[in-house]
Every structure is written in C-alpha cells, then in structure tokens.
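The structure appears right after this line, and notes come after that.
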Amino acid sequence: MDDLEDELRASGSVFAEDEARLLSESATSEAELDSMVRRRTSGEPIQQIVGWAEFCGLRIKVEPGVFLPRQRTEFLVERAIALGDRGDTLLDICCGSGAIGVAVATGLGRADLHATDIDPAAVRCAAENVSEAGGRMYQGDLYEPLPRLLHGRFNLILANAPYVPTGQLHLMPREARLHEQTVTLDGGEDGLDIQRRLITEAPGWLAEDGRLLVETSDRQAGTTMDLMKEAGLVTTLATSAELDATVVIGRR
Ligand code: GLN
C-alpha cells in the first residue's frame with residue numbers, strides 16, 4: 001500500500017493516500033490493480049478508472065471520455081431543489097453522465113426525469129444513471145429527441161452545457177483536455193453557442209412558471225442573462241463564492 005501511495009504521489013497525485021485506497025478497493029485482481037495504477041500515473045482521471053464519480057453524495061457511473069461532474073455544479077442542484085417540488089417534470093439537457101438530473105430528482109424525492117445528450121459515451125452512462133433514478137434518456141441534439149408531448153411540460157430545465165470559449169480550451173486542466181471529449185466543453189467562439197440555442201428554445205418546453213437553470217461563468221453571466229431576457233424569461237443570477245459557481249435562472 002505504501003509503495004502504491006508513493007508511486008501515485010511521484011506521478012503528481014495530490015490525493016495519493018485516498019487514491020491508493022480507492023484503486024485497491026476497486027481492483028478485483030493484482031493484474032487489474034497494476035493496469036489501473038498505470039492508467040492513473042499516466043494521467044487518466046481516477047473517476048474514469050474506477051467507473052464512478054461522487055456528486056451530491058451519490059455515486060454516478062462514468063466511463064472514459066465522459067464529462068466528469070464538477071463539485072461547482074452542486075450549486076445548480078441545490079438551487080433547483082430549492083425551487084422545485086416533489087413530482088416535478090425535469091429535463092437535464094446536455095446531461096453528460098446525467099449527474100445533475102439524478103441529483104435533483106433524488107433531492108426532490110420523486111420526479112419525472114428526462115435527459116438528453118448528443119455524445120454516445122455520455123448517453124451510455126447516463127442511460128444507467130437516469131434509469132436507476134426512474135427517468136428516461138434520449139440521444140440527440142438538445143430538445144430534438146424529446147417526444148412532442150413534453151412540450152410546455154417541464155417545471156425545471158437544468159443545463160450545464162459546454163461553455164468554454166474555443167480559444168480557451170487549451171487553458172483547461174490536463175485531465176479535462178485529454179480525457180473529456182472536446183464536444184462536452186467547447187462552446188464556440190464566445191463559449192455560448194450551445195447556451196444560445198438551448199435558451200432560445202426553452203420557453204416552449206417550460207411549463208407555466210417553469211424555470212430554466214443554466215450554469216455559466218462569472219465572466220459570461222451577463223451575456224447568459226441577456227439571452228434569457230431576449231427569450232422572454234424573468235431572469236435572476238445566483239452565485240456561490242465557496243463553490244466558485246454561477247447559475248442564471250429564468251422563469252417563464
Ligand atoms: N469551466 C467549466 C468546468 O470545467 C466548463 C464546464 C462546461 O463547459 N460545462 O468546470
């Protein structure tokens with residue numbers, strides 16, 4: 001165990017002690033442990049190696065290439081649970097692993113959860129996570145794969161869509177750059193291409209008094225708010241200094 005810890009530490013792991021324990025617990029054989037350690041010391045995120053990430057106290061299934069739920073995004077979940085009601089109809093759009101939708105559905109106690117994503121690897125993970133929470137997963141671009149009968153029905157639409165400006169992708173941490181699909185991060189020239197499309201179409205999918213919650217950055221928040229106002233939503237800004245998180249909320 002000490003050797004394993006030393007090896008992880010030498011490769012640059014800040015949490016070598018925890019990771020050594022996690023990898024030994026996850027591996028079912030000596031050979032598997034060796035391969036897991038090799039993957040970790042060559043820079044693969046620990047969550048993608050063990051197959052799950054912790055988010056809002058839940059274990060969310062992830063696999064190589066899939067966007068890892070960020071701790072900052074727990075703020076969006078917290079705001080959504082505060083605004084939602086038991087039994088709400090939820091949409092997690094650009095859902096990645098499905099972590100946000102699952103955490104909000106769990107927090108509300110009961111919910112009719114729907115989730116969409118365009119990336120096949122994300123859809124594979126999310127299908128498991130979302131169905132475990134009693135929800136339905138659809139593959140496709142934004143709202144396109146949803147059944148029409150859900151039009152005007154969502155009490156909450158939850159979005160952590162890609163919002164990194166293309167020119168800043170190279171500034172992302174190595175684990176994100178090399179081990180998450182670019183499509184899950186790249187938001188185009190100003191980072192807001194996907195937000196722009198999903199906000200414009202949101203009012204039609206929201207129930208009366210329904211809310212759209214969009215994670216964005218401090219710097220981009222003004223534009224995200226303008227987009228929501230242009231779409232006719234009543235807009236508020238929520239921030240958490242502790243989690244370095246910014247969420248724009250629009251109400252129909
Ligand atoms: N800056 C964000 C992060 O890596 C980007 C997330 C995203 O594009 N959705 O946490």
Side-chain angles (χ1 to χ4, degrees), residues 14-15 43-48 53-56 58 60 62-80 90-104 115-123 125-126 129-130 141-143 156-200 202 212-225 227-228 237-250:
V14 185
F15 302 104
E44 195 171 333
I46 184 98
Q47 297 91 334
Q48 293 178 358
E54 191 184 324
F55 184 68
C56 295
L58 302 167
I60 303 293
V62 294
E63 61 177 68
V66 168
F67 181 84
L68 298 170
R70 312 290 202 249
Q71 205 192 347
R72 108 163 25 91
T73 305
E74 295 189 355
F75 181 62
L76 187 152
V77 170
E78 187 191 294
R79 297 317 310 145
L90 315 179
L91 173 62
D92 184 350
I93 191 164
C94 301
C95 71
S97 63
I100 297 178
V102 168
V104 174
T116 72
D117 201 281
I118 198 163
D119 171 39
V123 171
C125 289
N129 292 317
V130 167
D141 182 40
L142 302 180
Y143 305 91
L156 296 171
I157 299 178
L158 315 160
N160 177 15
Y163 60 83
V164 182
T166 308
Q168 289 179 21
L169 285 169
H170 70 283
L171 302 174
M172 294 290 289
R174 195 165 172 274
E175 290 191 4
R177 273 188 292 112
L178 300 182
H179 299 284
E180 293 175 329
Q181 319 262 10
T182 308
V183 68
T184 72
L185 299 167
D186 188 353
E189 197 175 335
D190 70 350
L192 300 176
D193 282 0
I194 325 271
Q195 282 191 12
R196 202 168 275 117
R197 292 199 292 125
L198 86 83
I199 291 171
T200 306
L212 167 66
L213 290 88
V214 177
E215 179 178 303
T216 192
S217 73
D218 187 26
R219 208 172 30 74
Q220 291 159 307
T223 314
T224 305
M225 290 187 83
L227 291 169
M228 286 216 198
L237 180 70
T239 57
S240 162
E242 190 196 338
L243 289 174
D244 181 27
T246 305
V247 173
V248 178
I249 303 169

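In listed order, ligands and their atoms are each counted from 1. Numbering starts at 1 and runs along the sequence shown.
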Quiz item: Based purely on interatomic distance, does A161 place a nitrogen or oxygen under 3.5 Å from a nitrogen or oxygen of ligand 1?
Solution: yes
Practice problem: Go through ligand 1 atom by atom and flag the ones less than 4.0 Å from a non-hydrogen atom of N160. | Solution: 7 (C), 9 (N)
Quiz item: If we only count N/O pairs under 3.5 Å, is Y163 in contact with ligand 1?
Solution: yes
Quiz item: Taking atom types as modelled and ignoring hydrogens, do the side chains of T246 and D218 form a donor-acceptor contact shorter than 3.5 angstrom?
Solution: no
Exercise. For P162, take its heavy atoms, then give the atoms of ligand 1 lying under 4.0 Å from any of them.
Key: 8 (O), 9 (N)
Quiz prompt | Separation between CG of L237 and OG1 of T224, rounded to the nearest 0.5 Å | solution = 9.0 Å
Quiz item: Looking only at heavy atoms of A176, does any of them come nearer than 4.0 Å to an atom of ligand 1?
Solution: no
Self-check item: For atom 10 (O) of ligand 1, closest protein heavy-atom neighbour
Solution: R72 NH1, 2.6 Å
Quiz item: Side chains of E215 and Y163: is there a donor and an acceptor less than 3.5 Å apart?
Solution: yes
Quiz item: Around atom CD of Q71, are there more than 12 heavy atoms of other residues, nucleotides or ligands at under 6.0 Å?
Solution: no
Self-check item: Contact with ligand 1 for E215, non-hydrogen, under 4.0 angstrom
Solution: no
Quiz item: If you round to the nearest 0.5 Å, how far is CG of L68 from CZ of F55?
Solution: 11.5 Å
Quiz item: Atoms of ligand 1 less than 4.0 Å from M172 heavy atoms?
Solution: 4 (O)
Practice problem: Enter the distance from Y143:OH to L198:CG here, rounded to the nearest 0.5 Å. | Solution: 5.0 Å
